[in-house]
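Below: the structure, in structure tokens.
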Amino acid sequence: MPDMIFLALSAVVVASAVFALEAKELIYGTIGLGVSLVGVAGLFMLLGAEYLAMFQVAVYVGAVVVLILFTIMLVRRESGRIVDEEEPASFGSVGIYVAALVALAVAGAVILLAPVSPVAPEFYQVQLQDLGRSLAASYGVALVILGLVIGAAVVGGLTLVKIDREEKPSGTTE
Amino acid sequence: MTQLQVLPGLQEMVDSLVKIVTSRTFLEIVIFPGLLNVLLSVAFLTWLERKIIARVQLRIGPLYAGIWGVLQPIADFVKLLFKEMISPELADVKLLMLCALGLMMLAAAPIVTIPFGEAFVIANMDIGLIFVFAVMSLFPSVLLLIGWGSNSKYSFLGGLRSLFQQVAYEIPMWLSVLGIVMLTGTLNLAEIVRAQQKVWFVIPQVLGFAVFFTAALAELERTPFDLPEAETELVMGWMTELSGAAFMVGFMAMYTKFYVMSALITTLFLGGWLGPAIIPEPIWVVLKTFLVAVVIVTIRGTFPRVRVDILLRTGWMRLLLLALVNIVVTVILIWLGLGWVWRV
Amino acid sequence: MEPLSSYIILSSAMLGIGIYGLVSKRNAIRLLFSIELIVNAANINFVAFARYSNPPILSGWNIVFYSIAAAAMEATVGLALILVAFRLNGTIDIRKLNRLRG
Amino acid sequence: MALGSWSLVAIFELVILVTTVSLLAFGWLMGAKGKNPIRDAPFESGQTRLGEARLRYMMQYYPYLIMYVAFDVIAMFLFTWGLVFATLPFAQEYLFLIFVAILVVPLWYALHISGRRDLW
């Protein structure tokens, strides 16, 4: 019998994900995305990864959603109207079929291949100590590479966005 | 006399209701560390602030409502409840109300993890500190939405400034706390307080305390960092377009956050409930919290306001540097083998 | 306790929504939403499988740390690109962003 | 399910939600109501409204926001490392020091570039 919390959380996640894509105003779409990310964090808590859920909320909903909101506020036409589609995309319905197909394929594969899904061992609360120790022991090198990725993303993002006064960009300017 | 045949269902419901209401967790949530405590301390801090600021500026401050004007915050509370909630044109009233509600819930959330006694905490989570970190990092997006929703220059600028101010001071604040986490090895606030049995964390982590205190000032938007609400330039910052009950909820959220940050400072650095046993443990926590609040308020009375870009550069350069230096100091402390003093 | 398959059904549903968004939405920021959804669907699978194996393996949680970091960095660069596209073309409607010139 | 402490958090948030919503509703119902175009105009300290409120000049703060996202991610790993720092042999820690050393470069670049006002 699937317990109620899981059903409620997954309903929240799916509903706000659809709302994020369908909302007319982008600001409400971002709020929908934020709510679905918090729902995913709630699922992590259900699975015993509370430490992870907190950082998922802090990084995603705290930082990435703020950056998206900031970009939406920058990316508005001078007329002040928020940038949104004039008319719905012609191939919207194709999108639904493709998406449904992929989702069914993945879910069906899992159900058919592993009909007897392993029942979870009794509740297991990960010890932060050995989580940190396993991170330091086996994933140290990956951490250094991630440092390079973060450096590249920050430096790249900034050089992209800065306006060089020497060559004027052809399009509209600030 | 036959006892009245009460509906069978009703009897159990009433019994269970009575059992719930008198249960310890309910009392904790609604009475002491929970709701009543937050509301009363918000009122008290408002009064305290106005009195101290008045004393600093050699005037008397609220006097008539009750003894020394103690009932002044309650008078304001009732007055604001009955004022009209003006919705500016083209403003997004739904968004404003949602964000005012979100602000209050986020401001009050960390109270749940702050220990007021040996076993006197609402939710003893072993990731308490990260829960506070996650809640604190949600504030910028709510403030930006309020600034955006109220569709007025002042509140949009105020929302932006408070977003960037909190963003600039969030990272040094949490890196300064990292020193404590390295010493104790836990994230549970109750264990952090127990680790301070011998020596409070103010002494080994003086640098961390300084960075955390400054960053808390900026996080609370208090002078010298109260740019978003700079009376002279920005009227009331992101609260400009809120009116009536919404303004009161926003104001209350800010003072709840003020109370929660002072309680956090006492728990992390000033040994929460530790103190000679004459005074019971929760009173120690409340006493230290109000002491920290008095210091913060006197700072508000005495310091000038800082310019925006200086504010951002200090946040990112100087405070972050000091936080990293504090981590290096802690690393040296542990390598020197002094870590056992606080090892839980 | 939940059988593992219900978590997988949920994550494949999120994958479906993400792909729907990628295929049929025309606003560049909405594409970013759907990419975030797809990354979160993968994260759910990582944590669910890490939790349901006996004894639970920790590498699942470690991988999700890295995937959150990578997705956050990808979002920053993506948003920078959207800003540049808006500045050069005045619109972020992907059907109009088809000129390869800078 | 060891959701005990989280259910307490949920109950506390519910209590806060109920009190705030009741305050807002009380204010909405009891407060006076009235549509008055002059009074409803956003606060412009007296003058009539000029231009559009949601300005778009704030590009100069963009590097600070990108640094926040980057350092939020870094704080995630630093906390994980800080927890086990005292118990780790040095052999496994020098990688972490390299990680922190690498991330000084983007911080310096972002601060340097945000300082040069002409670029934004």
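The chains referred to below are lettered A, B, ... by the order of the sequence lines, with proteins before strands, and numbering in each begins at 1. All values below were derived from every heavy atom in this structure, side-chain atoms included, with hydrogens, water molecules and symmetry-related copies excluded. Model, not experiment: these values are computed from the prediction.
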Chain A contact via C/Ile17 - side chain, backbone, both or neither, heavy atoms under 4.5 Å = both
Keeping the roles fixed (side chain from C/Arg87, backbone from A/Val161), state whether a donor-acceptor pair exists under 3.5 Å.
-> yes
Identify which part of A/Leu33 has an atom lying under 4.5 Å from any heavy atom of chain C, answering side chain, backbone, both or neither.
-> side chain
Heavy-atom distance under 4.5 Å to chain A: side chain of C/Val47, backbone, both or neither?
-> both
If you look only at distance, which donor and acceptor atoms sit under 3.5 Å apart when one is on a side chain in residues 10-19 of chain A and the other is two or more places apart or in another chain?
unit_1: A/Ser10; atom_1: OG; unit_2: A/Phe6; atom_2: O; d: 2.9
unit_1: A/Ser10; atom_1: OG; unit_2: A/Leu7; atom_2: O; d: 2.9
unit_1: A/Ser16; atom_1: OG; unit_2: A/Val12; atom_2: O; d: 2.7
unit_1: A/Ser16; atom_1: OG; unit_2: A/Val13; atom_2: O; d: 3.3
unit_1: A/Ser16; atom_1: OG; unit_2: A/Ser36; atom_2: N; d: 3.3

Might you work through the side-chain contact (heavy atoms from CB on, under 4.5 Å) test for A/Thr71 and C/Leu83, ending with a clear yes or no?
-> CA-CA 7 Å; A/Thr71 315; C/Leu83 263 178; 4.0 Å; yes
Would you call C/Lys25-A/Glu22 a salt bridge at under 4.0 Å N-O?
-> yes
Most heavy-atom pairs under 4.5 Å with chain C, out of A/Val59, A/Val64, A/Val40, belong to A/Val40
Heavy atoms only, distances under 4.5 angstrom: which of C/Ile82, C/Ile44, C/Ile9 has the most pairs with chain A? Name it, please.
-> C/Ile44
C/Val64, C/Leu15, C/Leu81: which one forms the most heavy-atom pairs within less than 4.5 Å of chain A?
-> C/Val64
Which pair of non-hydrogen atoms, one from C/Trp61 and one from A/Ala49, has the smallest distance, and what is that distance?
-> NE1-CB, 2.9 Å
Engaged part of C/Ile8 at the chain A interface, taking heavy atoms whose separation is under 4.5 Å = side chain
For A/Phe55 and C/Ile68, what are the C-alpha separation, side-chain angles and deciding distance, and is it a side-chain contact (heavy atoms from CB on, under 4.5 Å)?
-> CA-CA 9 Å; A/Phe55 277 113; C/Ile68 288 179; 5.6 Å; no
Could you walk me through whether A/Leu43 and C/Tyr7 pass the side-chain contact (heavy atoms from CB on, under 4.5 Å) test, one step at a time?
-> CA-CA 9 Å; A/Leu43 279 170; C/Tyr7 282 100; 4.0 Å; yes
Checking heavy atoms, do the side chain of C/Ser11, its backbone, both or neither come under 4.5 Å from chain A?
-> neither
Sort out for me which of A/Ala153, A/Ala152, A/Gly157 touches chain C most, counting heavy-atom pairs under 4.5 Å.
-> A/Ala153
CD1-CD1 distance between C/Ile29 and A/Ile72, expressed to the nearest 0.5 angstrom = 4.5 Å
Least distance between heavy atoms, A/Lys24 atom then C/Arg30 atom = O-NH2, 3.5 Å
Give the minimum heavy-atom separation between C/Tyr20 and A/Leu21, together with the two atoms involved.
-> CD2-CD1, 4.2 Å
Taken to the nearest 0.5 Å, the spacing of C/Phe49 CZ from A/Leu47 CG works out to 11.5 Å
Who among A/Gly32, A/Ala63, A/Ala142 has the most heavy-atom pairs with chain C under 4.5 Å?
-> A/Ala142
With sequence neighbours excluded, residues passing side chain to side chain contact (heavy atoms under 4.5 Å, CB included) with A/Ala41 | A/Ala53, A/Gln56, A/Val57
By a 4.5 Å heavy-atom criterion (distance strictly below it), what part of C/Met73 contacts chain A: side chain, backbone, both, or neither?
-> both
A/Leu143 CG to C/Asn62 CG distance, which is reported to the nearest 0.5 Å = 10.0 Å
With side chains defined as the heavy atoms from C-beta onward, is the minimum distance between C/Asn40 and A/Tyr60 less than 4.5 Å?
-> yes
Report yes or no: does C/Tyr66 contribute a side-chain atom to a donor-acceptor pair with the main-chain N or O of A/Tyr139 at less than 3.5 Å?
-> yes
Let me know if A/Leu146 has heavy atoms under 4.5 Å from chain C in its side chain, its backbone, both or neither.
-> side chain
Distance in Å, C/Leu32 CG paired with A/Ile68 CD1, rounded so as to fall on 0.5 Å steps | 5.5 Å
Interatomic distance, C/Leu79 atom CG to A/Leu69 atom CG [nearest 0.5 angstrom] = 10.5 Å
Name the region of C/Ile63, side chain, backbone, both or neither, that has any atom closer than 4.5 Å to a heavy atom of chain A.
-> side chain
Can you tell me how far the CG atom of C/Asn43 sits from the CG atom of A/Leu52, to the nearest 0.5 Å?
-> 7.5 Å
